[in-house]
Chemist: 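Before anything else, here's the structure in question.
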Amino acid sequence: MSALETVYQANTQTEPAMIELKGISKEFVKPSGDVHSVLQGINLQIPKGEFVSIVGPTGCGKSTTLSLIAGFEPPTQGKVYISGQKLEGTNQRAACVFQTENAFPWKTVMDNVSLGLRLRGKNKAEANDEARKWIARVGLKDFEGHYPSQLSGGMRKRVALAQCLIVQPEILLMDEPFSALDVHTRHLMEDELLRIWEETSASVFFITHDLEEAIALSDRVIVLTAGPGARVKGDYRIDLPRPRNVAEISFDPAFMRIHQQIWQDLRDEVIISYENANKFSS
Amino acid sequence: MSALETVYQANTQTEPAMIELKGISKEFVKPSGDVHSVLQGINLQIPKGEFVSIVGPTGCGKSTTLSLIAGFEPPTQGKVYISGQKLEGTNQRAACVFQTENAFPWKTVMDNVSLGLRLRGKNKAEANDEARKWIARVGLKDFEGHYPSQLSGGMRKRVALAQCLIVQPEILLMDEPFSALDVHTRHLMEDELLRIWEETSASVFFITHDLEEAIALSDRVIVLTAGPGARVKGDYRIDLPRPRNVAEISFDPAFMRIHQQIWQDLRDEVIISYENANKFSS
Amino acid sequence: APSSSSNNSSTTKPRVVIMVGGLEKIIYMPFMLAQQLGYYDKYGVNVSLVEESAGQDAEVAMLAGQTDGAGGFYDHTLDLATKGKQVEAVVTMADVPGETLMVSNRLKDKVKTISDLKGLKIGITGLGSSTNMLATYNVVKGGGKESDYSPIPVGAGATLIAAMKNGKIDAAVTSEPTASILQNQDIAYTLVDMNHKAAAHQALGGGYASTSLYMTNDYVNAHKDTVQKLVDAYVATLKWMSTHTPEQIAAKMPSDYYAGNQSLYVQALKGQLSMFTTDGKMPAGVPQNVQKILSSFKPAVKKVDLSKTYTNEFVDKANQ
Amino acid sequence: MKMQINSVVSPASREVVSRKAELKREALKLRARNLSLQLAVFVVLTGSWQFLSSNKIIDPFFFSSPFDIVKHIWTWAVNGTTAGPLWLQFWVTFEETILSFILGGVFGIIFGYALGVNELLSVILGPYIKMINAIPRVVLVPIFILWFGLGMPSKVASGLVLTFFIVFFNAFQGVREVDRNLVNNARLLGASKGQLARHVIIPSALTWILSSLHSSFGFALIGAVVGEFIGATHGLGYLIAQSQGAFDTTGVFAGMLILSVTALIADWGVSKLEKRFIAWRYVRK
Amino acid sequence: MKMQINSVVSPASREVVSRKAELKREALKLRARNLSLQLAVFVVLTGSWQFLSSNKIIDPFFFSSPFDIVKHIWTWAVNGTTAGPLWLQFWVTFEETILSFILGGVFGIIFGYALGVNELLSVILGPYIKMINAIPRVVLVPIFILWFGLGMPSKVASGLVLTFFIVFFNAFQGVREVDRNLVNNARLLGASKGQLARHVIIPSALTWILSSLHSSFGFALIGAVVGEFIGATHGLGYLIAQSQGAFDTTGVFAGMLILSVTALIADWGVSKLEKRFIAWRYVRK
Ligand SMILES: Nc1ncnc2c1ncn2[C@@H]1O[C@H](COP(=O)(O)OP(=O)(O)OP(=O)(O)O)[C@@H](O)[C@H]1O
Ligand SMILES: Nc1ncnc2c1ncn2[C@@H]1O[C@H](COP(=O)(O)OP(=O)(O)OP(=O)(O)O)[C@@H](O)[C@H]1O
Ligand SMILES: [Mg+2]
Ligand SMILES: [Mg+2]
């Protein structure tokens, strides 16, 4: 579809990719009873330790893709493989920051953040000590005893972030984790995320609607086409050197060039998406 | 506090301001039983037809301020006046896009959007016709029969937007309405919002964490200090000519200057906020 | 002889609602039998029989004016009189209680006379019921006080039998067929027979009017004509009963009343038929005896004006 | 118009049709599995009951047997009962039940709503409602007979006082669970009190209310039957009381079986209602 | 540590203290208003009852009067009842009630949880539970006496079969209402089945369960009392049945009053429990 498309070839023939989507389609039954096709023929490989961002027009199917990888829902067609094994049920090797808030309303910030460790059998004191560190990292030190309903939107998002990062999963699924944050806090969090990622070499599947963020953080940026029936439109390797300073990288000329290139693709799709939605008038 | 502070003087002595906050403080009781002061001594006047944006570090009290103007909660001290009248209970002249989604899950997109008109006594057919227009404007023409749970995050936000705009209120309260949208859709929506605002001359109270967005849209940008006990730090008049093209205005040198100026203020506060949160270690 | 008004057309038949404390019980058999024999129709009343199976509610419903008459034990009229409510028995269908005081075989050696009843747990159908009063009477007569035994409401039938079997109760005042079953299954033996006339009269020191139809005095005075017809029907029923065999009577009853086990029903009937009067009349001396029995543990009953608790006026006419 | 989209961007509509058929087939298969499982459990239960009873391992006098029970119902159906044809008994009880179910439901919802919305009302009336809820209905029935007579109204009242409380407590809680944000939003959009109830509070509390209806139909039945124990000329309660008085265990079980099946059918109806009214909850599978 | 913050950035702690005292004062004022309102309603109700009854406008034989009822309770308390001291009767019934409440609650929650989580189980057992729920408990009591004897177990069983269903239906629905996202999140975080129940499903269903406990204590009381109507030697149900048998309306009302007050006290306990267990719901006023 796009002349600029650059297909990235995974060079990890030796071991199976951490995440592999093979011929994935996802359909929903619409209220009218018709079938609404969201994703169509998605093939994607994410090797271990790679940071992949996914961008695309709103409503194209990014969150749906994430829920397939997390194993919340099965694909209509095709298969999801995790380390070469077919995924059945919830993906036990992943942790996830949801697009909507997903902190447990009946747990305090402390209990929310320490939950993952507690579930893995750590005793309370240890888990709390560890959680305290993470709460500080996301800048909520003073709110340990608060319930989610007593926090602001941005604070709740950061609780979710700490909750997810504390378990240091092999696969990190993040659905617009920073969209509710101001630029500065966002940069702090992004830096934090990169540091953690570099330490743990998790495979990251990162959804954002901010192309700059996608490029600044990722090894690869994937562009989805407009729905219905979204496909992978572009798959770009971001070869900027690491470690990166996310606050400043956007002034790098290489960054601008890549941005320009991907933006072409993305803008086309966004426009198609908007037109699509309003094309079929009744 | 800031040397750059420029205090804007309302020149509407003749008629009372649409929204006036007088000596507003807001406190919450913390889980520990202590009192947590969120806002402290806020004074603010928003004349009729003015577009005011409010920025500040995450968790500083923006949403809280909005809920005071909407009348969801009473202030602990001080008073809110709407057109010179003391506000009691819900503000009947306002409509609101909430930070968290607030579409009614048991209503389809059509019913959600037409609700405001139906509540005001319009008959079903008329309300639906009108709603159809607004659904198209936010680019959801094909999803009229869907329930909110069947939409993506960005789509739900747009439903909320249409739901709120359709009633053409005198006061528009918007809490990060565009944060879940990709840049292009966001620009489309912003343009749409400006057009509607110019048509209806509503007073807009617009919360965002994106300073560029704030400047591009507003007549005035207000910066809050870091919490706890947030105050108004800066109040800037944006004298850029209208109508504005939000997608391009950020390249305007005047824009950049203003941005630079406000950003100084804002950054300081964000940094304070982050330090504050982690200062008092246990 | 049937009264003259028996050939009234059915359209003008007065309607009477009678609530009975267990229509299917043998002791209340005449109420249903009269209907089965068509006597209500014949004597010109339109009776609707209402079932009532829990406690003393039949009387209360009647007092509240929801029913016109109640089928129950005569002793309740005295009880109500002490509470300031005047009701009178217009027909007395039985002059023995039709109950038997059975004692568990476990206590065969210990309990020989009623003076041994002290301290026992005695099963009754319900608190305040006639079985309760009879149990109390026997304990008191044996030299004890009302509080010397524990009355345990266990209903009748299966629950009573099970309670007796499990030793939860030591004795029970019960009617047929439960008494027969207890005896046949070797669970209990008869201590006091208050079912067969001779034995009952001896045990109770005279007659003890039980099954009767009573109505408020106000109702009786205001509807003499209707009451007469009603009494005519019952007297005829009692006559019919005294001239037919248990088998013939059983055949007349609805099959649900002996569902699946007609022979048991006939056996029970045989045991209890003797309790019924043949003329519906309150025998002389019986009210006084009932009063004496009740007042042995309910002093208030002593003051009751007996003449207001029953009347033979209608029965006498019906028997003419 | 929606078909158009499919034909433009979705897979060919032939595929769509086949996919839909497949979904249907799967649903049917699931249904069949469930039915056969239910049947299997049923057969095992009644089979062993019959076996134990036939072989006198349990005393048929106390426990009857499935076969006898069915036979008893059959006899009732064919020969009629002492109180008239079986369907009439059923109908009488059913009518009372439905009435008390509806009235209890309506009052429960109204009171639950009123007390849930109005704190003052809940402070004043709350304790009384809780107190009345502790009074045995069996004791209340005679009082109802005093007030309403022997006819249907007293039975309906007796069913109503069971149904009411269950629906009330759930409706009350349901109303209090409504998302404050949604209420705020509706208020801002101009909702009056009545509109707020109609558009926000009732729909949101509907899961609570409908859930209470599941259990309350059973209770309405019980109320009607208990009402019939005391002072009735017809109805299933009458039949049961009579059988109990006649030491006819089979008759008691037969009556209870008819009650149970009625409740099951009504529950199916409530489920349908549920699917209809809270359709939006079922869209995301 | 939290005080520190206040002293640095919040208004002076003296002001904080005064503000807290003010909040407390307001809460007290509200409490006083509520109490006086409740009292007023109570006085009006009992006053008019007493008036109507004293003047024979309503027949005291049927309706008794508040004064007589209180006097009756007093007599019971001072002179004891036929079955022993009043507190013993109360205690017997209370014990049975509490036991059946707890057992019914526990079983209700366990079954509700199991069937809510496991679709297969709900398909198989669901219909049976619904069927049993339609059986009049009054009919079941004799059966319980057959099985469990005349002692406490049969009364507990009779209370249990009322409590169980109410808790069951609510727990079942509560479990099914749990936010899918939260379940998914917990699963990803590594929750096993038991942990899922403990950390997500039960806390989320707790409002449902606690709401059902409000009504079910009343029902547990009823069950115990109905059980005591048949085959008991002690208990409030025994007293009520006895009074009923002796045409003593005042005694019946006296028994019911004691029951009602017990229910009220228990409800207050459940509310405390509620405040404690779902504290997080109360933080945002
Ligand atoms: N349960 C459902 N039933 C029907 N359609 C659904 C359902 N869930 C999602 N969809 C549709 O799937 C499409 C993609 O949704 P998804 O949430 O994946 O979008 P997204 O790319 O994450 O968008 P956003 O950037 O707005 O979050 C949307 O058009 C939505 O309407
Ligand atoms: N019910 C409550 N109880 C206690 N504290 C609360 C409560 N509601 C809000 N707060 C506190 O008020 C502060 C301001 O919250 P608010 O939601 O107004 O922030 P915000 O400026 O909108 O932030 P964001 O940009 O993240 O949305 C936060 O520190 C929060 O913890
Ligand atoms: Mg999404
Ligand atoms: Mg906010």
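Quick caveat: nothing in here was measured; it's all calculated off a predicted structure. Each chain gets a letter, A, B and so on, in the order its sequence line appears, and its residues count up from 1.
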Chemist: Could you please spell out the steps behind the side chain to side chain contact (heavy atoms under 4.5 Å, CB included) verdict for E:Leu120 and D:Arg33?
Modeler: CA-CA 10 Å; E:Leu120 198 65; D:Arg33 184 207 67 174; 3.2 Å; yes
Chemist: Answer with side chain, backbone, both or neither: which region of D:Asp267 has an atom nearer than 4.5 Å to a non-hydrogen atom of chain E?
Modeler: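 For D:Asp267, side-chain heavy atoms alone lie under 4.5 Å from chain E.
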Chemist: I want to check something: taking the side chain as every heavy atom from C-beta on, are D:Asn133 and E:Phe217 in contact at a cut-off of under 4.5 Å?
Modeler: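 When only atoms from C-beta onward are counted, E:Phe217 and D:Asn133 do not touch, as no gap falls below 4.5 Å.
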Chemist: Heavy-atom pairs under 4.5 Å with chain E: which of D:His214, D:Gln38, D:Glu119 has the most?
Modeler: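 Of D:His214, D:Gln38, D:Glu119, D:Gln38 has the most heavy-atom pairs under 4.5 Å with chain E.
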Chemist: Would you say D:Ile143 and E:Phe62 make side-chain contact, with heavy atoms under 4.5 Å?
Modeler: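 The answer is no; the side chains never approach within 4.5 Å.
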Chemist: Test your reading of the model: is there a side-chain donor-acceptor pair from E:Gln173 to the backbone of D:Trp208, 3.5 Å cut-off?
Modeler: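 No; judged by distance alone, with no hydrogens or angles, the pair does not exist.
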Chemist: For D:Leu259, is it the side chain, the backbone, both, or neither that has a heavy atom closer than 4.5 Å to a heavy atom of chain E?
Modeler: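 Both backbone and side chain.
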Chemist: Name the region of D:Ile135, side chain, backbone, both or neither, that has any atom closer than 4.5 Å to a heavy atom of chain E.
Modeler: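 Both parts, backbone and side chain.
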Chemist: Tell me, side chain or backbone of D:Leu257 under 4.5 Å from chain E's heavy atoms, or both, or neither?
Modeler: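 It is the side chain, since no backbone atom gets that close.
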Chemist: Is there a side-chain contact between E:Tyr128 and D:Leu45 (heavy atoms, below 4.5 Å)?
Modeler: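 When only atoms from C-beta onward are counted, D:Leu45 and E:Tyr128 do touch, with a gap below 4.5 Å.
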Chemist: Between D:Trp147 and E:Phe63, what is the ring plane arrangement, given parallel below 30°, perpendicular above 60°, and tilted in between?
Modeler: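 Correct class here is parallel.
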Chemist: Is there a side-chain contact between D:Ser215 and E:Asn170 (heavy atoms, below 4.5 Å)?
Modeler: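 Not in contact.
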